Amino acid sequence: MIQILSLLMSVSLVSFIEYILPPILYIIVFPGLIVVLLMLFFMIWLERKVAAKTQLRFGPLYVSKRFGGVIQTVADLIRFSFQEFIIPAGADVFAYIQAPGLLMAFGLLPLIFIPVGPYYANIFPANYSLLIVVPLIIITPIYVILLGWASDNKFSFVGSMREAFLVISYEIPLILSILSMILLYGSVNAINGVSFQIGRGIPGIVLNPIAAFLFLVVMIRTTGRFPFEISEAESEVVMGPYTEYSALFFGIGMSLPYIELYSFSLLFSVLFLGGWWPIVPSAAAASGVVGGLLLPGLVVFIKALIVMAFLVFLRAVYPRYRIDQAITVGWDQAVYLGFAAVALSMALVWSGLV
Amino acid sequence: MSAPQDRTATANLTYDELAGLKADRELVLLIGPAHPGSGHMKIKVWMDGDIIQRVDPDIGFVHRTTEKLSENRLYIKAIPIVERVMLPDTINANLAYVIALERLLGIEPTPRAQYLRTLTSEINRITSHLYGIGLYGIFLGSSTVYMWAFADREPLIDLIEEISGARITYSYIIPGGVRWDLPAGFKERAETVLQYMEARLKDYGKIWVRNPVVMDRTEGVGVVSKSDAIRLGITGPNLRASGVDYDTRRAKPYAAYPNLDFEVPTFSEGDCYARLLQRVEEIEQSIRIIRQVLKDIPDGRIISDDIYSKMNPLQKRMYEMKHRVMFPAYMASMRPAAGRSTASVEAGRGEIFFYLVSNGDKVPFRFRWVTPSFLNLPFFTHVMVGQHLADLPAIYGSSDYFPPEADR
Amino acid sequence: MGGGADGVAYFGNLETVSKKAVSFLKKQGYVKSMINWGDKFSLWPVHLMTSCCGTEFAAASGPRFDLERLGFLPFGGPRQTNLIVIEGTTTLKMARSVRIVWEQMPAPKWVIAMGACAMDGGIFYDSYNTVPAKDIVPIDIFLAGCPPRPEALARAVVMLQESIVKNRPPAADIQVTAAPATPGPKDVVEAVSK
Amino acid sequence: MTAASRVITGITFTTDEAKGIFEVEASDGAHLLDLATRLKAAGFDHCLSVTAEDLGDRLAVLWHISSYTNRELSGMNAQIRLVVSKSDNVEVPTLTGIWESANFLERETYEMFGVVFKGHPDMRRLLLPDDFTGKWPMRKDFPLKKTPWRVQK
């Protein structure tokens, strides 16, 4: 508080707006809440539409016929918002109500620490961004387990247990994959990683394809895409942890995987797809909001959209794995791949090739 | 896990007592009937961790008492009833009942009617197998296969609709023959559909049958050995996937099958993947049979002389004009001589068994039928034990169990 | 802690507050029409196959008929859905499940009785094990046919959508009387003699 | 009716091939078990149907059997028939020990006809609800009338 007051006294109003605006822009508008919401609507619609096209049919259409039913998710959201909210008799009420909110909060938190432009360093402490993002990404499943525990439903419980097992088995591959990129870029600052890629002119996916592949697999697993849609497997455990949730809380629960998908995809495009390349802002432009945040951010966002579209398309191709098979992959092949990725990075760094 | 009372109840127990509590490890799941992976039945599953210890299928949710109803209705009125029980597979239910009835009546259908029966039965077998493959897709989480299978059922349903005039419930086969002749140009249209089906089977191979995830999920899961299959009385494609070379079309010949050249595919593995391949192979064989039937179909009447002579002049004229059998009044007042008969027919899911008893009345004295899904019930009690919970839908889907058919 | 008994969460009486807020919102005309629009294009039927019309229901969500065009998405759990399609006969065993699932669903909820059996028994009218669907749950749309073609189901869904837009409330709950659930010969004789 | 007879491993079947009837009659429970054992040894390896017929004052219990492996026998739907006097709970020996596939079929016959199969591992209702109060719906004295039914919530 004192800091802000002293700041107010020391700087003029214009420079104060310049100081306060970018963080608000970053959190509220882009890549924050508003874009997340729009992305959510678009992605859920795209998933249904892409699957429908693969399956020789139309998918959502009549809700807005001219635009291919693109506002279908809005209709679903309105319906969910005004439906009766049921708390099951056996549920632990406090946990039952707070879990979806916390889930949403922790799902959105990693977005703050993923830089989408060079200007980002001016707003937030970016020096340790990767170190902060990884635990934040891993923390959300704890609240998924809380959902299942609070619901007092056997299918929720089984689904939560599945989620717990899977999270544990895919943590090491995720950390190894990011570690190999940290080794390669020589920094835990993601902005430095992007500068590294732009400077060498080679994206991370070419430098270390093993780590990229591994990250992709962990991304599919964590966001519950096919073939790893195991904790919500409909024909086995109904809706998994979300079985008892109705109305808006179910909407929150179901949108969480897409938010996770969004933060993972942003991270993927920053780490492996060259970030805001080909837009390379000059030093002067990089200190401005438009040149340093919005334009590079748009590029990252488009790259992330392509990654997300690829991942939602997997639904149309693959059935789901059994849980023990998925766990075996996580503890066995994925860990070895992770070590291979680290070894590759070390070899590249030591040999001085990059 | 659940309510606070439970925790206080176990709070006074010692560690040993807690460790000895089987409830710690054991979980009883009630799956169904409003569960996405259950169909019209309740499956009670006792689990130790993730491993299924015991399964008790609670069926009868669609028990519509067809035997009792048929024993109180005219003979001809049992045809719609048996059809509605086996909705993906109506022609075969219809055929099995009519064969049993014809044996009671002592009527022999004409050769052309026999070929038409075979034709519709095989088209229906393909739609039934596609239905099974599609639902298997849902059980394993692939909605694409479900949609594709239901899309590819439609041209075949159109074909049979063209012959019989109905979409699902045809009531096409009547004692002495069939009700409609082939429409003009049917053979060419059927050939188009068959070629389309063959092309689609290759697509299924790409996305479903040789999909690595499907193979991981199904190979070595739910294995039924040859001796077990015989001991448990499993029937149909599931039996043949376990290596038993038995097909009712061969063993108890009916319709035009003795004149046709076809193979009975078998697999020796007996796992879910073999049962999936078995259905795909049987679709190929059915396509082969349909081609032969369309090539070899003899000319002549589609209704036997016994029934034709009982038609009135208007009906006879209608038959000559449109090659269509209007129901003769005789059908409504059939009184077979006292006696008994049995009939077996190979339906899409296995052998339908009929046992009819007449005491000379206008309604059957005893109407007994056993459907293939009912005979496949041991899949729940025997095959699922020792598998993972996630294998339950995999085995269920591979057995192509259809609850309304089992409950009758 | 206990759930439904007092319904008190830690920040005031959540249930009353939310109910008041929702009822206030629902009284506003434009909000009401927006809710109706949302309900219209978001009819999710619960996965409850009561009988053999389920095959035609499945075909209706298949590619040729594709009811997802209307926002009609078959879904697994009852808590997230708002529509029951009773597909054909309901037997004594299934009737209880239908009632339980109907009560599990959040309001507002609708019911389509599909097929002749769900209307008055169809060809199984005098069976000893069936119950007419109208005696179990309140029904909004009756759909004739045995089984109805998928187009007919599409028509029923469109009719339901129209009635939602016209602001008709879902059918009121029926009184489920505690008559003998499974009459044996004695009950039948008594019923007939009356 | 052209009834003939056919002999398989010393057991004489009453046969009507045109109607697909191959019947052997058991005189009592012990004879039934003996017959079943011999038929199993002859190659009849599975049970197609278990049912009963209401003959007024008696019940005829029927086991339909066939063969998957023996080519000669697989064309037959053979039936074993045991006639017992009718009462509320008729008792006959179970054949699940010989043909395991008779398990569910015998349970169905129990709930439909009131035939209790002695020695059956799991003699419970199968298709009807547990609280179904009517007795033995498939017997002829169970009337079939439309009644105004309600379901209890």
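Convention: sequence-line order gives letters A, B, ...; per-chain numbering from 1. On a predicted model such as this, the values are computed, not experimentally measured, just so you know.
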Counting heavy-atom pairs under 4.5 Å with chain A, the top scorer among C:Leu67, C:Val31, C:Ile35, C:Asp39 is C:Ile35
For atom CZ of A:Phe165, decide whether the heavy atoms of other residues, nucleotides or ligands shown that lie under 6.0 angstrom number more than 12.
no
Counting only heavy atoms closer than 4.5 Å, note whether A:Phe250 contacts chain C via side chain, backbone, both or neither.
side chain
Heavy-atom proximity to chain A below 4.5 Å, by part of C:Asp66:
side chain
What part of A:Tyr96 is in contact with chain C, defined as an atom under 4.5 angstrom from a non-hydrogen atom: side chain, backbone, both or neither?
neither
For the CD1 atom of A:Ile259 and the CG atom of A:Leu40, what is their distance to the nearest 0.5 Å?
5.5 Å
Using a 4.5 angstrom heavy-atom cutoff, name the option from A:Gly59, A:Ala247, A:Ser81, A:Ser246 with the most pairs to chain C.
A:Gly59
Go through C:Gly71, C:Pro108, C:Ala107 and name the one with the most non-hydrogen pairs under 4.5 angstrom from chain A.
C:Ala107
Strictly below 4.0 Å, N to O, side chains only: are C:Glu103 and C:Arg99 in salt-bridge contact?
yes
Which bit of C:Asn36 is near chain A, if near means a heavy-atom gap under 4.5 Å: side chain, backbone, both or neither?
neither
What residue in A:Glu234, A:Lys65, A:Met239, A:Arg57 has the most heavy-atom pairs under 4.5 Å with chain C?
A:Arg57
With only heavy atoms counted, which part of A:Val238 is less than 4.5 Å from chain C, the side chain, the backbone, both or neither?
side chain
Ion pair C:Lys109/A:Glu84, N-O distance below 4.0 Å:
no
To the nearest 0.5 Å, atom CD1 of C:Ile100 lies from atom CG of C:Leu48 at 10.5 Å
What I want to find out is whether A:Glu163 reaches A:Arg221 closely enough, with some N-O distance under 4.0 Å, to be called a salt bridge.
yes
For chain C, find which of A:Glu244, A:Met254, A:Gln72 contributes the most heavy-atom pairs closer than 4.5 angstrom.
A:Glu244
Which bit of C:Phe75 is near chain A, if near means a heavy-atom gap under 4.5 Å: side chain, backbone, both or neither?
both
Is any side-chain heavy atom of A:Phe41 closer than 4.5 Å to one of A:Leu77?
yes
With a 4.5 angstrom heavy-atom cut-off, is it the side chain or the backbone of A:Gln55 that approaches chain C, or both, or neither?
backbone
Ignoring hydrogens and angles, state whether a donor on the side chain of A:Thr140 or A:Glu260 is under 3.5 Å from an acceptor on the partner side chain.
yes
